[in-house]
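Please see the structure below; I have some questions.
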Amino acid sequence: MKRVLAIILGGGAGTRLYPLTKMRAKPAVPLAGKYRLIDIPISNCINSEINKIYVLTQFNSASLNRHLTMSYNLSSGFGQGFVEVLAAQQTPDSPSWFEGTADAVRKYQWLFQEWDVDHVLILSGDQLYRMDYSKFVQHHIDCGADLTVGALPVDAAQAEGFGLMRTSSDGRILEFSEKPKGGALEAMRVNTESLGLSAEEAAKRPYLASMGIYVFNRNTLFNLLASHPEATDFGKEIIPTSLGQGDHLQTFLFDDYWEDIGTIGAFYEANLALTDQPNPAFSFYDEKFPIYTRPRYLPPSKLQDAQVTQSIIGEGSLLKACSIHHCVLGVRSRVEDEVVLQDTLVMGADFFESSEERLVLRERGGTPIGVGRGTTVKGAILDKNVRIGRDVTIVNKDRVEEADRPELNFYIRNGIVVVVKNGTIADGTVI
């Protein structure tokens, strides 16, 4: 894997994850109490012994850059390698920002071409899954392919939201169709049993969806980008173009947990699903294939007369006489007496406030960081460093699906109340 270069695409403005992306790049959004989305593909790379990693981004990249700098020094701890952020930039030859996935790679191909590698691995920065990319790359080599696409078997309901591939019995791509409907969808059915699924599963999931991850032969990638300068997207343009000019395109079947967490609803569900016991769909408790992140050296969490069920609690947290059910609490979370948290994602805080500081804040009419006494929160996301006052109720009482209340420091997306980063909700507020 020393001759593989990995490029992780950070995505655009992250509008579907707004307001979580209001002050941070999409790959820097917190996940599972202590991680960031970007930790998933980077950890997969490290565990696959791929250690030359670029991350392309163009929006709010400061926190992402800081996280990567503090988390990954591949030249020491993981062997000779690097993780480097490449932000969109305007130059005389390229005056515009990234216009799509392929365009992002094209704008930095002068840098990528300097590397003496055989294969380029293109990854997404907003997916939750665990994959050994070395098997992906080896499959690509063994098939003699020019381009290999990660393929997820899906049912008809899921299939309409993906780019689909129709393949031969050995997985060679014969046709690619972007989000087909009706008869066009039916025409993309594949016998997934021939690719390794059981007969029962093949009947349930007869479609192959593109995961948005690819292995290119080095020359194939750069030739496609150079010969089709108008093509800005891999899925919509580069793959169909490559197929049309007779390149050998192959699929790599991935039949395991995979979730695109590009929306607030999907992000919320994926986080809370981590609390399922005894066997969550995705687990961070895998010593053979760990997920890495920034070491914070925080003290252990402290629970004082708290009732906690089916939840994840980040380190450095302090929970008083509260009730917490089916929640994920991030690092340095502070929850006061008589609080009820249910079906809620709390992202924690970037710093501690001492008891003295909290007392002074209260005396001056301010709100300490964390969740104040007597508050009830159900079905919500509380972003980093939020200050929830006393006797607050956040339950989406009017069952609103979508709402923007920036002046009140919250939004509602997919029926989920999202309190913005650094936002304050005053004592006695009802949402």
Side-chain angles (χ1 to χ4, degrees), residues 1-11 25-29 31-32 34-57 61 64-87 101 104-105 108-109 111-112 114-141 147-152 210-218 221 234 252 254 256-261 282-284 286-295:
M1 295 299 108
K2 295 185 182 301
R3 299 190 61 79
V4 178
L5 178 68
I7 301 172
I8 302 173
L9 303 174
K26 184 160 56 172
V29 171
L31 173 74
K34 63 177 291 182
Y35 302 92
R36 307 279 186 129
L37 292 180
I38 193 64
D39 291 327
I40 302 302
I42 291 178
S43 297
N44 284 341
C45 284
I46 292 170
N47 291 321
S48 306
E49 299 184 351
I50 296 170
N51 61 9
K52 291 184 281 290
I53 306 165
Y54 285 109
V55 182
L56 297 186
T57 186
S61 56
L64 175 64
N65 207 349
R66 184 170 59 250
H67 174 73
L68 295 179
T69 300
M70 293 179 171
S71 303
Y72 302 102
N73 181 5
L74 301 195
S75 62
S76 58
F78 299 101
Q80 297 303 309
F82 62 88
V83 178
E84 185 176 337
V85 174
L86 299 176
T101 53
V105 175
Y108 270 106
Q109 66 178 329
L111 175 61
F112 303 145
E114 292 180 358
W115 288 98
D116 181 22
V117 296
D118 297 326
H119 303 98
V120 179
L121 177 65
I122 308 288
L123 304 169
S124 174
D126 59 356
Q127 300 172 349
L128 179 59
Y129 65 108
R130 184 179 270 110
M131 179 191 286
D132 185 346
Y133 298 139
S134 65
K135 295 179 180 178
F136 190 7
V137 174
Q138 193 58 53
H139 178 77
H140 170 84
I141 295 170
L147 161 61
T148 299
V149 182
L152 191 74
S210 169
M211 299 170 65
I213 65 174
Y214 318 101
V215 177
F216 283 89
N217 287 346
R218 180 186 189 279
L221 173 62
F234 283 115
F252 175 74
F254 180 73
D256 205 337
Y257 179 89
W258 178 89
E259 187 67 50
D260 179 348
I261 43 185
F282 183 90
S283 174
F284 284 85
D286 187 335
E287 293 180 357
K288 296 180 180 178
F289 208 101
I291 304 300
Y292 299 101
T293 193
R294 172 186 167 190

Between Tyr35 and Tyr292, ring centroids under 6.0 Å = no

To the nearest 0.5 angstrom, please state how far the CD1 atom of Ile8 sits from the CD1 atom of Ile53.
-> 5.5 Å

Flag the pair Leu9 / Leu123 as yes when at least one side-chain heavy-atom distance between them is below 4.5 Å, and no otherwise.
-> no

Under the side-chain contact (heavy atoms from CB on, under 4.5 Å) criterion, do Ile291 and Arg130 qualify, and how do the steps go?
-> CA-CA 9 Å; Ile291 304 300; Arg130 184 179 270 110; 3.8 Å; yes

For Glu259, does the CD atom sit with more than 12 other heavy atoms under 6.0 Å from it, leaving out its own atoms?
->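 Yes, CD of Glu259 has more than 12 neighbouring heavy atoms, counting only those of other groups under 6.0 Å.
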
For Ile122 and Val120, run side-chain contact (heavy atoms from CB on, under 4.5 Å): C-alpha distance rounded to whole Å, both residues' side-chain angles, the deciding distance at 0.1 Å, then the answer.
-> CA-CA 6 Å; Ile122 308 288; Val120 179; 3.8 Å; yes

Side-chain (Arg294) to main-chain (Ser71) donor-acceptor, under 3.5 angstrom | no

Straight-line distance of Leu68 CG to Leu64 CG, nearest 0.5 Å | 4.5 Å

Take Ile46 and Asn51 through the side-chain contact (heavy atoms from CB on, under 4.5 Å) test and state the conclusion after the steps.
-> CA-CA 6 Å; Ile46 292 170; Asn51 61 9; 6.0 Å; no

Taking Asp132 for the side chain and Asn47 for the main chain, is one N or O donor matched with an acceptor at less than 3.5 Å?
-> no

Please lay out, stage by stage, how Met211 and Phe254 fare under the test side-chain contact (heavy atoms from CB on, under 4.5 Å).
-> CA-CA 9 Å; Met211 299 170 65; Phe254 180 73; 3.6 Å; yes

Pro41 side chain near Tyr133 side chain, heavy-atom distance below 4.5 Å =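 Yes - at least one pair of side-chain heavy atoms lies under 4.5 Å apart.
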
Would you say the side chain of His119 lies within less than 4.5 Å of the side chain of Arg3, judging by non-hydrogen atoms?
-> no

State, with a plain yes or no, whether a side-chain heavy atom of Tyr214 is found less than 4.5 Å away from one of Leu221.
-> no

Grab the two heavy atoms, one from Ser43 and one from Pro290, that are nearest each other, plus how far apart they are.
->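 Heavy atoms only, the tightest pair is CB-O, 3.8 Å.
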
Take Tyr129 and Tyr257 through the ring-ring contact (aromatic ring centres under 6.0 Å, His included) test and state the conclusion after the steps.
-> CA-CA 6 Å; Tyr129 65 108; Tyr257 179 89; 9.2 Å; no

How close do His67 and Thr293 get, heavy atom to heavy atom, and via which atoms?
->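 Reported closest heavy-atom pair: CE1-OG1, 3.4 Å.
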
Would you say Thr101's side chain and Phe234's backbone share a donor-acceptor pair under 3.5 angstrom?
->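 The answer is yes, because a donor-acceptor pair under 3.5 Å joins these two groups.
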
Distance from Asp118 atom CG to Asn217 atom CG, nearest 0.5 Å?
->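 Taking CG in Asp118 and CG in Asn217, the distance rounds to 8.5 Å.
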
Pair Lys26 + Asp126: basic N to acidic O under 4.0 Å |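 So Lys26 pairs with Asp126 through a salt bridge.
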
Distance only, no hydrogens: is a donor on one side chain within 3.5 Å (strictly under) of an acceptor on the other, for Asp39 and Tyr72?
-> yes

Indicate, with yes or no, if the rings of Tyr108 and Tyr54 have centres closer together than 6.0 Å.
->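 Ring centroids of Tyr108 and Tyr54 are no less than 6.0 Å from each other.
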
Name of the residue among Val4, Val83, Leu121, Leu5 meeting side-chain contact (heavy atoms from CB on, under 4.5 Å) with Lys52 = Leu5

Which distance, rounded to the nearest 0.5 Å, do you find between the OG1 of Thr148 and the CD of Gln138?
->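 Atom-to-atom, Thr148:OG1 and Gln138:CD are 11.0 Å apart.
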
Taking all non-hydrogen atoms of both residues, which atom of Gln127 and which atom of Trp258 are closest, and how far apart?
-> OE1-NE1, 3.1 Å

From Ile261 CD1 over to Leu31 CG, what is the distance, rounded to the nearest 0.5 angstrom?
->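 Here the rounded value is 5.0 Å.
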
Would you mind reporting whether Met131 and Ile213 have side-chain heavy atoms less than 4.5 Å apart?
->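 They are in contact (side-chain heavy atoms under 4.5 Å apart), so the answer is yes.
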
Might you point out which heavy atoms bring Pro295 and Met70 nearest each other, and give the distance in Å?
-> CD-O, 3.8 Å

Ser210 side chain vs Gly212 backbone, donor-acceptor pair below 3.5 Å = yes

With rounding to the nearest 0.5 Å, note down the distance linking CD1 in Ile7 to OG in Ser124.
-> 13.5 Å

For the residue pair Val137 and Met1, establish whether any side-chain heavy-atom pair is separated by less than 4.5 Å.
-> yes

Validation row, ring centre Phe252 to ring centre Phe136 under 6.0 Å |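 Yes: the rings meet the under 6.0 Å criterion.
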
